Amino acid sequence: MRKFKLHRFENQSGSGNLASSLARRVIGQPAAMTCIVPFVQMHLAGLEPEGRPAGVFLLLGPSGTGKTKTVEALAEVLHGSEKNLLRIDCGEFQMEHEVAKLIGAPPGYLGHRETHPLLTQQKINAVTSERSNLSIVLFDEIEKAAPSMTRLLLGVLDKAALRLGDNTSVNFEKTMIFMTSNLGAREMLSFLNPAFGFRAGDSRSEEDIRSKLQSIGMGAVRRRFAPEFVNRVDGVITYQPLSRPVLDAILKQQLADIQRHIQRRLGIRAFHVEVTRTACAFLLKRGTSEEFGARELKRTLHRELMQPLAAMVASEAVPPRSTVRADCGSGGQSLRFRIRTPEPEALRLTG
């Protein structure tokens, strides 16, 4: 059965290479792929260790560098949809008493019947698919959670088991656990300042920079979490700042996603979108920053590109199979659009 599952997964992933499938979705973070992929392959081969999760990872680095995107991409590769993961927003558990929502109130306590635990076996099994039985659980911004959450997770990370308030158990053996954190991000940006991803004349090698960022991240982790918690993590991955070529590639990827979205939603009424180099530079300037990386890029594309396109479609200004060319307007403060209608088909002479 294990071999059959592996064979099916390889056929559906196209190239049969898990690492390349993930790298196409998460650009510019090869170290993350190198660390995560072997654990996924161990599970697919049926060789993962017993009595503990299939993998536990702590993802560090500045905002907008692809931490959450990595987890979503893995869900998409394994299950066919980036929504096939159980996401816990740790910002909702900053108070000690709020952590009880994860496991529910025990019998006899007020509100026991009204409390529905967030980490149940049913919810974990619900994010699997016919393609893979590996569940993915994401604890987003783990540093924001109350200390009692990390104490609660100790048993999960060590024994792959969690006891709920109603005395039932949850098994995490076929689960991959990810925790994202911005710990050390401010110090990392200070180290890289003032040229986040656009260093000019910097004599430091890429290896030196990676090593320093890793050191900053690990220092912040050890100050925040107890040693017994850190020792249960299989991999601490520090995400690197995004260089200009990487940002260009991310923008190209998102523009391709927009084109596919137009084709899928409009069908025979679809049109082609052409974005000039100056328009790309405008979008990158508006959608990327030193502090937030590429986090704002998708919102910028929605506001500056998709909304004007939608307005033109709604007013029936864009004929099917036409081309809408987006260029940077005068002054570089906005995009301007020009519609090129399709060439009329040549008349066919019939005898």
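It should be emphasised that the depicted structure is a prediction, and the values quoted were computed from it without experimental measurement. The basis for the numbers below is simple: all heavy atoms, side chains too, and nothing from hydrogens, waters or symmetry mates.
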Item to check | Geometric class of the F178/F57 ring pair [parallel <30°, tilted 30-60°, perpendicular >60°] | outcome: parallel
Checklist entry - Checking side-chain hydrogen bond (donor to acceptor under 3.5 Å, both in side chains) against R52, which of D234, D158, T175 comes through? => result D234
Checklist entry - About how many Å separate CD1 of I88 and NZ of K123, when rounded to the nearest 0.5 Å? => result 7.5 Å
Item to check | Exam field: side chain E304 to backbone L301, donor-acceptor pair closer than 3.5 Å | outcome: no
Checklist entry - Between D208 and K212, is a salt bridge (Lys or Arg N to Asp or Glu O under 4.0 Å) present by the stated rule, with each step listed? => result CA-CA 6 Å; D208 290 340; K212 180 61 176 179; over 6 Å; no
Checklist entry - Hey, is the main chain of E296 close enough, under 3.5 Å, to the side chain of T300 for a donor-acceptor pair? => result yes
Item to check | salt bridge (Lys or Arg N to Asp or Glu O under 4.0 Å) partners of K252, counting only residues at least two apart | outcome: none
Next on the checklist: Quick test of your reading of the model: are E72 and R87 salt-bridged, counting only N-O distances below 4.0 Å?
Outcome noted: yes
Checklist entry - Just by modelled atom types, is the R24 backbone N or O under 3.5 Å from a matching donor or acceptor in the Q253 side chain? => result yes
Item to check | Backbone N/O of A185 and side chain of N182: donor-acceptor pair under 3.5 Å | outcome: no
Checklist entry - Under the side chain to side chain contact (heavy atoms under 4.5 Å, CB included) test, which residues partner V127, sequence neighbours left out? => result L86, S135
Item to check | Qualifying residues under salt bridge (Lys or Arg N to Asp or Glu O under 4.0 Å), relative to D257, sequence neighbours excluded | outcome: R260
Next on the checklist: Any heavy-atom pair between the side chains of R269 and R321 that's under 4.5 Å?
Outcome noted: no
Checklist entry - So, are E274 and R340 salt-bridged, with charged N and O less than 4.0 Å apart? => result yes
Item to check | Q259 (side chain) donor-acceptor with F271 (main chain) under 3.5 angstrom | outcome: yes
Checklist entry - Are the side chain of E173 and the backbone of A54 linked by a donor-acceptor contact shorter than 3.5 Å? => result no
Next on the checklist: Test your reading of the model: is there a side-chain donor-acceptor pair from T65 to the backbone of P62, 3.5 Å cut-off?
Outcome noted: yes
